[in-house]
Number of protein chains: 2
Amino acid sequence: MTIKDIARLAGVSVSTVSRVLNNHPDVSQDAVKKVMAIVNKYNYIPNTSARNLGMSSSDNIGVIMRGISNPFYTKIITAIGDKIEKSGYTMVMQQISTDEDELRVAAMMEKDKRLQGLILLGGHLNYTKEQVSSIGVPFVCCTFSNEYGNLNSDQYSSVCIDDEATAFSAVEQLYKKGHKKIAVLLSAVDDGSVSQVRYAGYKRALKDFNIPEDDNLIIQIHSFNIADAYHEMSKWLDKGIDFSALFCISDNMAMGAMKALRDAKKIVPDDVAVIAIDGIEASEYTNPVLSTLCQPMEHIGIKAVDVLVDIINNEGQHQHLTLPTTLREGETLR
Amino acid sequence: MTIKDIARLAGVSVSTVSRVLNNHPDVSQDAVKKVMAIVNKYNYIPNTSARNLGMSSSDNIGVIMRGISNPFYTKIITAIGDKIEKSGYTMVMQQISTDEDELRVAAMMEKDKRLQGLILLGGHLNYTKEQVSSIGVPFVCCTFSNEYGNLNSDQYSSVCIDDEATAFSAVEQLYKKGHKKIAVLLSAVDDGSVSQVRYAGYKRALKDFNIPEDDNLIIQIHSFNIADAYHEMSKWLDKGIDFSALFCISDNMAMGAMKALRDAKKIVPDDVAVIAIDGIEASEYTNPVLSTLCQPMEHIGIKAVDVLVDIINNEGQHQHLTLPTTLREGETLR
DNA sequence: AACGTTACTGGAAACGTTTCCGGAACAAAT
DNA sequence: ATTTGTTCCGGAAACGTTTCCAGTAACGTT
């Protein structure tokens, strides 16, 4: 069943069918009716390959992400996938490992799958101008702060929270409860990732509250992995360093850390207060319930697609959205 | 940069370039060398739309899933996506809501995206023959038991655990610890879903161990949702029904239930023993650590793609794989 | 009555591949 | 010397759309 068959059955030309199917203006009501009748009767769906070839484009939007393993991303992905579908595009997902260069992958993918646009999830900030311009379709970065990039901001869009300020406010919560010996559990500190930016917020908070920085209170792992967090935290606790509160840069890591604290017989929140950032569902069901600053995950996903689709349709400029976080008061603060 | 340009630059015909690119036999070493030199030099990637149109097929494999929100699925999806990519196909993901008919979506998607094959995640068993044959590409169902379907088994493939036996063995664990009053937290019981099958395993266990069934010990919700599990469990606990153990048909639900138990001042495992099925990462970090029967999630994903690709390439028959589960001894049994 | 608009239509080229088919070049067998 | 077969190659049709362009019919204007 091709457009030709439809044309024949409806008694019109191929061009007319095409026009009807694409809502072109220059077509009579009569023709629309005839064509649609046949289309519906035979449940005709145009061939995407032929259509894309004809228009020399596609309806693919690529989504590249590093580490879907962090449950934080699944909510965002869900929202993105949903919204892409609703907008009439097709989502093409590509996962990359931690050591792959996402922009190289993006460039390849763009050629290979003829993308209309790209969404990058959980990436870095220190792309060079050349790297960015090497990819020829509009793209939007999700979930890492705008202000810290070194790029011309009109070359891409971004949708995220203010990671620095959120980290600051997490530490502030601890400070307000009287904590001064605040340890931080983080990932890399120099790769332009969220980890680095949240760490910056932590440091600014310490400074503002006149708490001296102490390298002994920095617990660094090399992933956002829950198991890594658990092991590294356990090792650190063995050192017996004195502290009264722990700021984890992600919920996932906090869950690992809390198990380590439990193993070490530290009671949360009596012995150690804990706060984190993200607001994943699981962390609402830990014992005790984790206190955390929640990201508006669905909203992030939806907005990312919105912005991208607008740009694809030439209905908008690149923009940089910063969405608000909300405090979830759990049971890990005292 | 099209195949014509490559042909011109390499000094051969378009057909020859195509043959080289597709590893056809009838082409000289000399030609291969000349073409590949140009292809590599200009980093040429063939246009997928044109190629698909020419071959009247595509390289798309569809993945349909209900409720990616359950973290259990993310591991599987990750594995599936990875494997699809490695096999040279493109993953096209479609999420559906609980009330959508997955086979209708499958049929639509197949036409729309010209799929080569389909993977269905977390579906039902009671498809009719007509429904199944309405979708014209091979498909494999993941994560629900084979034996309970009412279909001709050579019409599709499946990869999953033995849900009935696993549920049986979960209840067996509780029985071996001396429990007789075993409540069960489940989802639907009559829709052909995993829930129904796991419930069947629970009932068989009771029977084998000479424990009378008791409707009061059945806690039913209408999703696999963690929040729903929490609320429904709380409501049930209010009734004050006597019980000593709880079998949850999924880890996710168990996490909700454990919070409800905590709210009700029931100590796990002293007052109530808990066991579940799935083995998601988060449930390894609950307090206390959940005891559960783990599914080989990565393995399931990889096998599903393996089987499907073999069938697409006419290198295999439809088959039904049942993968083993392993007990993770947590801290919720006594 | 001639002309310009307007509203719509159909023919056909174009998109970038794959693949069928016929043929060239050459070697081996008769 | 002719046939037969092998190996490789190029031309061109085909895939199913979109879209440009030319054209027709109806209608209002001068």
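Here the structure is a predicted model, which means the values were calculated and not measured. First the proteins, then the strands, lettered A, B, ... as listed; each starts at 1. Reckoned from all heavy atoms, side chains included, excluding hydrogens, waters and symmetry mates.
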Review point. Between A:D26 and A:V14, who's closer to the 5' end of DNA chain C by nearest nucleotide?
Key: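 Taking each residue's closest nucleotide, the earlier one in sequence belongs to A:D26.
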Spacing of [X] atom [atom1] relative to [N] atom [atom2], expressed in whole Å:
X	N	atom1	atom2	value
B:I3	D:dG11	CD1	P	14 Å
B:Q29	D:dT7	CD	C1'	13 Å
A:I6	D:dT18	CD1	P	12 Å
A:L53	C:dA14	CG	P	14 Å
B:L21	C:dT19	CG	P	12 Å
A:D5	D:dG16	CG	C1'	10 Å
A:N47	C:dC15	CG	P	18 Å
B:N22	C:dT19	CG	C1'	10 Å

Closest to side chain of [X], choosing from [options]:
X	options	value
A:R19	C:dG10, C:dG16, D:dG10	C:dG10
B:R51	C:dT9, D:dC15, C:dT18	C:dT18
B:S28	C:dT18, C:dC15, D:dC8	D:dC8

Exercise for review: In sequence, state the C-alpha distance, the side-chain angles, and the governing distance for B:K113 and A:T48, and then conclude on side chain to side chain donor-acceptor pair (under 3.5 Å).
Suggested key: CA-CA 7 Å; B:K113 321 273 193 213; A:T48 311; over 6 Å; no
Check your understanding: Looking at A:K33 and A:D30, does any basic side-chain N land under 4.0 Å from a carboxylate oxygen?
Key ->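 A salt bridge is absent here (no side-chain N lies under 4.0 Å from a carboxylate O).
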Review point. Thinking salt bridges, do A:K83 and A:D306 make one under a 4.0 Å N-O criterion?
Key: yes
Practice item. Take B:M55 and B:P25, find for each the nucleotide of DNA chain D with the closest heavy atom, and name the residue whose nucleotide sits nearer the 5' end. Key: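 Of the two residues, B:P25 wins.
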Exercise for review: Establish, with yes or no, whether the OP1 or OP2 oxygen of C:dG16 is under 4.0 angstrom from a side-chain nitrogen or oxygen of B:T2.
Suggested key: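 For C:dG16, neither OP1 nor OP2 has a side-chain N or O of B:T2 closer than 4.0 Å.
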Check your understanding: Is the distance from OP1 or OP2 of D:dG16 to the nearest side-chain N or O of A:Y44 less than 4.0 Å?
Key -> no
Exercise for review: Could you tell me whether the side chain of A:N70 and the main chain of A:Y73 form a donor-acceptor pair under 3.5 Å?
Suggested key: no
Review point. Any sub-3.5 Å donor-acceptor pair from B:R66's side-chain atoms to B:E100's backbone N or O?
Key: yes
Scan [X] against the nucleic acid and name what it touches under 4.0 Å (heavy atoms): base, sugar-phosphate only, or nothing.
X	answer
B:V12	sugar-phosphate
A:N52	nothing
A:S18	base

Check your understanding: Can you find an N or O donor on one side and an acceptor on the other, under 3.5 Å apart, linking the side chain of B:S15 with the base of D:dG11?
Key ->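 By the distance-only test, yes, there is a pair.
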